[in-house]
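This report refers to the structure that appears directly beneath it.
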Amino acid sequence: MYAVVKIGGHQYKVSENDTLFVDRQNVEGDTVTFEDVLLIKDDNGVKVGTPTVDGAVVNATLLEEVKADKVLVFKKKRRKGYQKMNGHRQIMSQIKIDGISLNGAKKAAPAKAEKKADTAEATESTDLSSMTVAELKALAKERGLEGYSSLKKAELIEALS
């Protein structure tokens, strides 16, 4: 069983008991949970997320924080006598994958829907922001606003709300 996980903007193919060096993880404690699972292959087949697999979780243990190899930055301007050498060592976290689970986490999408249902003004402002400029201009024309043709999208939303 393996999974493809998005960690810090990078995608990693992981399986149980793998040890990885990833970008620094700012977490309290020793356990880390990654919910951005893009693909899982197990005995039942392959599950590909759109964009993530619902309920899939990868659990890991934070082993230590180390510095990566030094990257040299050399600047030079020819015929001017200018040259400068710098170095940089990125801090990385070493993690060990404990397990891959298909029924670990619930997504927060239903909570957003409840939040929108609480206030009518929030729904109206999100509806206006999701509309195109042409749709907003048509709505301004229906409501009888004047001078809407030269307004930008943000100004149209402000005038209509």
Side-chain angles (χ1 to χ4, degrees), residues 1-16 18 20-62 65 68 71 73 75 86 88-161:
M1 175 179 211
Y2 70 87
V4 176
V5 184
K6 183 177 177 185
I7 303 172
H10 302 283
Q11 295 178 8
Y12 297 95
K13 179 183 173 183
V14 297
S15 58
E16 272 191 47
D18 279 354
L20 298 171
F21 289 98
V22 297
D23 289 336
R24 184 179 198 179
Q25 300 295 310
N26 294 326
V27 294
E28 295 180 11
D30 292 339
T31 59
V32 184
T33 303
F34 302 109
E35 296 176 357
D36 291 335
V37 180
L38 306 175
L39 177 137
I40 288 185
K41 182 185 180 306
D42 58 356
D43 299 335
N44 299 332
V46 177
K47 292 187 175 107
V48 179
T50 55
T52 60
V53 178
D54 290 332
V57 171
V58 174
N59 295 318
T61 304
L62 186 64
E65 288 188 355
V71 177
V73 180
K75 297 179 181 180
N86 275 330
H88 175 73
R89 293 184 70 187
Q90 186 72 28
I91 298 176
M92 308 288 280
S93 293
Q94 184 179 10
I95 61 171
K96 180 181 179 189
I97 305 298
D98 294 331
I100 301 169
S101 174
L102 279 170
N103 52 5
K106 305 286 187 213
K107 294 294 178 183
K112 289 182 182 178
E114 292 173 345
K115 184 178 179 183
K116 288 181 184 177
D118 289 341
T119 60
E121 292 179 22
T123 57
E124 182 179 334
S125 65
T126 55
D127 290 339
L128 292 177
S129 63
S130 65
M131 297 174 92
T132 63
V133 176
E135 293 170 341
L136 289 171
K137 287 183 179 180
L139 184 62
K141 185 176 182 181
E142 289 175 11
R143 292 190 183 176
L145 295 175
E146 294 182 9
Y148 61 86
S149 62
S150 63
L151 296 178
K152 296 180 180 175
K153 185 174 182 177
E155 296 168 340
L156 280 168
I157 293 171
E158 183 178 329
L160 290 171
S161 58

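These numbers come from a predicted model, not from an experiment. Just so it is clear, the values below take in all heavy atoms, side chains as well, and ignore hydrogens, waters and symmetry mates.
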Distance check, rounded to the nearest 0.5 Å: [X] atom [atom1] versus [Y] atom [atom2]?
{"X": "I97", "Y": "T61", "atom1": "CD1", "atom2": "OG1", "value": "8.5 Å"}
{"X": "T52", "Y": "D36", "atom1": "OG1", "atom2": "CG", "value": "6.5 Å"}
{"X": "L139", "Y": "L128", "atom1": "CG", "atom2": "CG", "value": "6.5 Å"}
{"X": "E16", "Y": "K96", "atom1": "CD", "atom2": "NZ", "value": "9.5 Å"}
{"X": "I100", "Y": "S15", "atom1": "CD1", "atom2": "OG", "value": "6.5 Å"}
{"X": "L39", "Y": "K13", "atom1": "CG", "atom2": "NZ", "value": "9.5 Å"}

Nearest heavy-atom neighbours spanning R143 and L160: NH1-O, 2.7 Å
Heavy-atom pair with the smallest gap, counting every atom of A3 and V58: CB-CG2, 4.4 Å
Mind checking what makes side-chain contact (heavy atoms from CB on, under 4.5 Å) contact with [X], not counting sequence neighbours?
{"X": "Q94", "answer": "T19, F21, L63, E64"}
{"X": "S101", "answer": "N103"}
{"X": "T31", "answer": "none"}
{"X": "Q25", "answer": "I7, V22, V32, F34, S93"}

Any residue meeting side chain to side chain donor-acceptor pair (under 3.5 Å) with Q90, in chain and number order, not counting sequence neighbours: H88
Residues forming a side chain to side chain donor-acceptor pair (under 3.5 Å) with D42, sequence neighbours excluded: none
Residues forming a salt bridge (charged side-chain N to carboxylate O under 4.0 Å, His left out) with R24, sequence neighbours excluded: E65
K153, NZ: over 12 other non-hydrogen atoms inside 6.0 angstrom: yes
More than 12 heavy atoms from other groups under 6.0 Å of NZ on K137: yes
4.5 Å side-chain heavy-atom contact, L156 and M131: no
